[in-house]
Amino acid sequence: MAKEKTLPNFPNRAAEELYWAGRQLIKTLTIAIALAITMFIAQFFNGVLTLLIGFIGFILVLATGTYTVGHFVRYFVYRSRHQ
């Protein structure tokens, strides 16, 4: 039987947004590190492959970074409203 993953209970909305911002930041850093390693290896094979992986990785880092900033902004908004 598979163990179900449960989300933590948050005392307020600001704490929840801070939690998700941290998770997104970890995801962004993980993608950036994996991208760096992959591009380092790809440079030995083909220049076009390196550019393709770099472009795809850039889009992924940009998207997850945008989500991270959005969660931090919502955290500050909720914290200022005491929600």
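Nothing here was measured: the structure is a model prediction, and the numbers come from that model.
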Reported CG-to-OH distance for the pair Asn12 and Tyr75, which is rounded to 0.5 angstrom: 9.0 Å
Rounded distance (nearest 0.5 Å) linking atom CZ of Phe72 with atom CH2 of Trp20: 14.0 Å
Residues two or more places apart in sequence or in another chain: which of them pass side-chain hydrogen bond (donor to acceptor under 3.5 Å, both in side chains) with Arg13? Tyr78
Near Phe10 CZ, under 6.0 Å, is it more than 12 heavy atoms from other residues, nucleotides or ligands? yes
Within 6.0 Å of CZ in Phe44, more than 12 heavy atoms from elsewhere: yes
Tell me which donor-acceptor pairs under 3.5 Å the side chains of residues 27-39 have, and how far apart each pair is, sequence neighbours excluded?
{"residue": "Lys27", "atom": "NZ", "partner": "Gln24", "partner atom": "OE1", "Å": "3.3"}
{"residue": "Thr28", "atom": "OG1", "partner": "Gln24", "partner atom": "O", "Å": "2.9"}
{"residue": "Thr28", "atom": "OG1", "partner": "Thr64", "partner atom": "O", "Å": "3.4"}
{"residue": "Thr28", "atom": "OG1", "partner": "Thr64", "partner atom": "OG1", "Å": "3.2"}
{"residue": "Thr28", "atom": "OG1", "partner": "Thr68", "partner atom": "OG1", "Å": "3.4"}
{"residue": "Thr30", "atom": "OG1", "partner": "Ile26", "partner atom": "O", "Å": "2.7"}
{"residue": "Thr38", "atom": "OG1", "partner": "Ala34", "partner atom": "O", "Å": "2.7"}

So, applying salt bridge (charged side-chain N to carboxylate O under 4.0 Å, His left out) with Glu17, which one of Arg74, Arg81, Arg23 is it? Arg74
Which pairs would a plain distance check flag for residues 48-57, meaning a side-chain donor or acceptor within less than 3.5 Å of a matching protein atom at least two apart in sequence or in another chain?
{"residue": "Thr50", "atom": "OG1", "partner": "Ala42", "partner atom": "O", "Å": "3.1"}
{"residue": "Thr50", "atom": "OG1", "partner": "Gln43", "partner atom": "N", "Å": "3.3"}
{"residue": "Thr50", "atom": "OG1", "partner": "Asn46", "partner atom": "O", "Å": "3.0"}

